[in-house]
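Notes follow the structure.
The chains referred to below are lettered A, B, ... by the order of the sequence lines, with proteins before strands, and numbering in each begins at 1. All figures in this text were calculated on a predicted structure; none of them were measured in a lab.
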Amino acid sequence: MENKEIAKILSEISVYLEMEGEMFKPRVYEKAALAIELLDKPLKDIYKTQGLKGIENIEGVGLSIAEKIEELLKTGELKYYKQLKKKYPIDLENLLRIEGLGPKLIKKLYEKLKIKNIADLEKAAQEGKIRKIEGFGEKTEQNILKSIEFLKQSGNRFILGFVWPEIENIISQLSHLKEVKKIIAAGSIRRMKETIGDLDILIISNNPMPVMDYFVSMPNVFQIIAHGETKSAIRLKNGLDVDLRVVAEESFGAALNYFTGSKNHGIHLREIAMKKNYKLNEYGLFKIKNNKEIKIAGKTEKEIYQALGLDYIEPEMREDWGEIELAQNHQLPKLIGYNDLKGDLQIQTNWSDGSNSIEEYIDAALKNNLEYIAITDHTKSLAMTGGCDEKKLLKQIKEIDKINQKLEKEKINFKVLKSAEVNILKDGSLDIDKKVLAQLDFVAAAVHSHFNMTRKEMTERICKAIRNPLVDIIFHPTGRLILKRPPYDLDVDKIINEAKNNNTCLEIDAFPDRLDLKDEHIKKAIEKGVKLSIDSDSHSINHLNYLKFGIAQARRGWVTKNDIINTKPWPEMLKQLKVNQRKK
DNA sequence: GCCGTTTTCGGCCCGACTGTTTTCAGTCG
């Protein structure tokens with residue numbers, strides 16, 4: 001059993017215990033689940049080499065939970081968990097996705113109305129039964145219906161960054177087979193979309209059957225949907241559908257282009273082909289002469305674009321947003337590269353709700369080829385994160401100064417910048433004193449409360465922060481959580497204009513369920529000349545890996561290296577911010 | 001149930017907000 005599955009079970013136990021009215025146990029299980037999720041070694045390896053003691057040594061795991069993990073590793077099951085599930089036979093995972101529903105209310109709904117899943121919930125809400133339960137009311141009932149509607153719209157999709165390790169794992173396993181000559185993931189993954197519906201893998205192979213056999217028998221396969229010589233399809237345990245197709249070497253480019261999409265991009269390409277009296281399909285580009293098809297391209301994508309009179313278009317741009325016209329006129333932007341970031345400007349450490357120390361981040365950032373990071377712990381009005389007040393922030397400033405001195409002394413070319421993720425309060429003001437903010441290298445601000453303001457109020461609230469001479473960057477400007485929460489009601493065009501007029505930078509938050517700003521807003525922002533940053537929003541050192549999803553998001557917004565402030569070394573990066581003008 | 005010490009049991013991140021109440025439970029982050 002893998003760490004992820006074990007973490008999920010512990011986390012569910014925590015919810016059950018909360019339903020039971022336990023005071024402290026839930027937090028303990030949740031903490032253990034988190035620790036296991038962040039573990040970089042498989043539990044089964046730890047157990048093999050160090051036994052029960054090894055598991056107990058994990059921070060947050062004691063004897064009782066260690067024994068439960070042992071049972072899971074040995075038998076694949078856990079009696080304690082099974083009993084809880086039997087007591088509450090409900091679809092916890094999905095019910096918890098409803099905003100405003102937590103363990104206590106879910107329990108009440110089950111006991112009073114026998115609600116076990118979203119379908120039951122929707123029916124009861126529509127029939128007006130929920131408002132009659134004590135503790136619920138009309139408004140709650142309406143909110144439940146709204147939330148169900150939002151979930152339905154987001155459909156059965158997966159957040160790219162969260163399924164990425166699994167995708168990489170599959171590709172890596174297959175690529176090691178000797179029968180696989182070439183392998184690539186096409187579809188929305190290649191275009192690096194925020195969410196994906198399924199996974200399309202293309203391979204070149206002279207002997208595909210062993211590959212197919214291997215593919216359908218991988219350990220994380222839940223169901224085999226098809227198992228043939230040229231195409232197989234499976235559903236993974238996590239619900240993701242994966243297709244594997246064998247493609248001929250001479251038409252690999254055409255197939256790759258066809259299966260990468262987007263649909264609209266492909267349609268537009270085929271129209272261009274038609275006008276030239278060509279035909280484009282997944283087997284190649286053909287010239288039509290005397291009713292005969294003569295293949296003129298297909299082995300690579302590049303030769304297909306070239307034969308159509310186009311420059312090569314990066315997959316992230318293939319949405320038919322005007323990229324084809326630019327390619328015809330040789331005016332495509334040179335997109336920011338996946339190795340172009342020199343720093344990360346949003347890091348939460350264990351000074352607030354992050355799980356690693358500043359020093360641990362430095363090590364991790366160096367391994368990720370970064371030259372600097374900014375420490376941006378939450379501030380005081382986010383109490384639950386242990387947010388910094390003025391005193392704590394001043395203490396952290398001193399600490400970072402010391403760390404930088406040490407780095408300098410040891411001749412390590414790395415800089416830690418002093419910052420904070422300051423809360424934008426309801427009225428647009430900040431929750432930290434000016435004098436303290438002035439001591440930071442730069443100031444970032446973000447909304448973390450009062451999400452339900454009107455469009456006008458929310459827009460003005462954020463614009464006020466943008467105008468604040470102390471604010472250099474606005475973090476995750478629209479506040480959305482992909483598949484979970486829509487953005488605040490906001491006039492983004494106005495935000496972009498205000499940012500431009502005040503030389504305030506906007507962020508592309510790279511955390512996989514944020515990716516905020518989103519591609520179309522990014523495109524608008526750089527057209528206006530607004531400067532952007534790409535930051536991981538790390539809450540643990542592993543999250544530095546998420547930077548690539550922020551870069552992908554930027555590429556989908558047609559961003560060049562120059563548009564992003566943290567592609568520059570830190571002194572030049574700071575020069576582009578308002579803080580520089582303040583100091584003059 | 002875990003941790004840390006005060007070494008064998010007490011404390012456990014905590015404030016704001018929402019929608020329900022009419023003083024607060026539950027959720028959020």
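Only the P atoms considered, B:dT6 is 38 Å distant from B:dC17, to the nearest whole Å. For the C1' atoms, the distance from B:dG15 to B:dG29 is 11 Å, rounded to whole Å. For the C1' atoms, the distance linking B:dT27 with B:dT20 amounts to 13 Å, nearest Å. Between the P atoms of B:dG19 and B:dT8, the separation comes to 49 Å (whole Å). For the C1' atoms, the distance from B:dT18 to B:dC12 is 26 Å, rounded to whole Å. For the C1' atoms, the distance from B:dC9 to B:dT5 is 10 Å, rounded to whole Å. Rounded to whole Å, the separation between the P atoms of B:dA25 and B:dG10 comes to 25 Å. B:dA16 sits 24 Å from B:dT21 when the P atoms are compared, rounded to a whole Å.
Under a 3.5 Å cut-off, the side chain of A:D389 and the backbone N or O of A:K380 do not form any donor-acceptor pair. No side-chain donor-acceptor contact under 3.5 Å links A:D91 to the backbone of A:K116.
If you check B:dG1, B:dC13, B:dG29 against the side chain of A:R27, the one that comes closest is B:dC13. Taking every side-chain heavy atom of A:R485 into account, B:dG29 is the closest of B:dG29, B:dG1, B:dT27. Listed candidates were B:dG26, B:dC2, B:dG29. Nearest to the side chain of A:L105 is B:dG26.
Counting only residues at least two apart or on different chains, the salt bridge (Lys or Arg N to Asp or Glu O under 4.0 Å) pairs with a member in residues 416-425 of chain A are A:D401-A:K418.
The CG-C1' distance, from A:D431 to B:dG15, rounds to 12 Å in whole Å. One interatomic measurement links the two molecules: CD1 of A:I36 to C1' of B:dG1, which rounds to 13 Å at whole-angstrom precision. When rounded to the nearest whole Å, the span between CG of A:N423 and P of B:dC28 equals 19 Å. Put simply, CG on A:D389 is 14 Å from C1' on B:dC13, counting in whole angstrom units. Nucleotide B:dT27 holds its C1' atom 15 Å from the CE atom of A:M19, rounded to whole Å. In this entry the distance linking CD1 of A:I98 with C1' of B:dG26 reads 16 Å, nearest Å. Across the protein-nucleic acid pair, A:Y16 atom OH and B:dG1 atom P stand 17 Å apart, rounded to whole Å. What separates CZ of A:R97 from P of B:dT27 is a distance of 18 Å, to the nearest Å.
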Note to self: Give the dot-bracket line for DNA chain B from 5' end to 3' end: parentheses for intra-strand Watson-Crick or G-U pairs under 3.5 Å, square brackets for crossings, | for inter-strand pairing, dots for unpaired.
What the structure shows: ((((....))))..(((((....))))).

Review item, side-chain donor-acceptor pairs of residues 505-516 of chain A, under 3.5 Å, at least two apart:
| from | atom 1 | to | atom 2 | distance (Å) |
| --- | --- | --- | --- | --- |
| A:E507 | OE1 | A:Q346 | NE2 | 3.3 |
| A:E507 | OE1 | A:H476 | N | 2.8 |
| A:E507 | OE2 | A:Q346 | NE2 | 2.9 |
| A:D509 | OD1 | A:F511 | N | 3.0 |
| A:D509 | OD2 | A:Q346 | NE2 | 3.4 |
| A:D516 | OD1 | A:T478 | N | 3.0 |
| A:D516 | OD1 | A:T478 | OG1 | 2.9 |
| A:D516 | OD2 | A:T478 | N | 3.1 |
| A:D516 | OD2 | A:T478 | OG1 | 3.3 |
| A:D516 | OD2 | A:G479 | N | 2.7 |

Output a table of donor-acceptor pairs, distance under 3.5 Å, between side-chain atoms of residues 15-26 of chain A and any protein atom two or more places apart or on a different chain; print 'none' if there are none.
| from | atom 1 | to | atom 2 | distance (Å) |
| --- | --- | --- | --- | --- |
| A:E20 | OE1 | A:K87 | NZ | 2.9 |
| A:E20 | OE1 | A:Y88 | OH | 2.6 |
| A:E20 | OE2 | A:K87 | NZ | 3.3 |

Output a table of nitrogen or oxygen pairs between the protein and nucleotides 4-10 of chain B separated by less than 3.5 Å.
none

Short N/O separations, protein against nucleotides 17-19 of chain B, under 3.5 angstrom:
| from | atom 1 | to | atom 2 | distance (Å) |
| --- | --- | --- | --- | --- |
| B:dC17 | OP1 | A:H450 | NE2 | 2.5 |
| B:dG19 | OP1 | A:N143 | ND2 | 3.3 |
| B:dG19 | O3' | A:T140 | OG1 | 2.9 |

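Under the 4.5 Å side-chain criterion, counting only non-hydrogen atoms from C-beta, A:L345 is in contact with A:M573. No side-chain heavy atom of A:E460 sits under 4.5 Å from any side-chain heavy atom of A:M453.
Using a 4.0 Å heavy-atom criterion, one finds that A:R131 contacts no nucleic acid atom at all. Residue contacts shown for A:L17 are absent, as no nucleic acid heavy atom lies under 4.0 Å away.
No salt bridge links A:E194 with A:K518; every basic N to acidic carboxylate O contact stays at or beyond 4.0 Å. A salt bridge between A:K531 and A:D563 is absent, with no side-chain N of the basic residue lying under 4.0 Å from a carboxylate O of the acidic one. Between A:E59 and A:K31 there is no salt bridge, since none of the side-chain N atoms of the basic residue sits less than 4.0 Å from a carboxylate O of the acidic one. The pair A:K494-A:E498 fails the salt-bridge criterion, with no side-chain N (NZ, NE, NH1 or NH2) lying under 4.0 Å from an Asp/Glu carboxylate O.
For the atom pair A:L430 CG and A:K464 NZ, the distance stands at 9.0 Å (nearest 0.5 Å).
Between A:Y546 and A:H543, the ring-plane angle classifies as parallel under the 30° and 60° cut-offs.
Looking at which nucleotide of DNA chain B each of A:I133 and A:E18 is closest to, the 5′-most match is held by A:I133.
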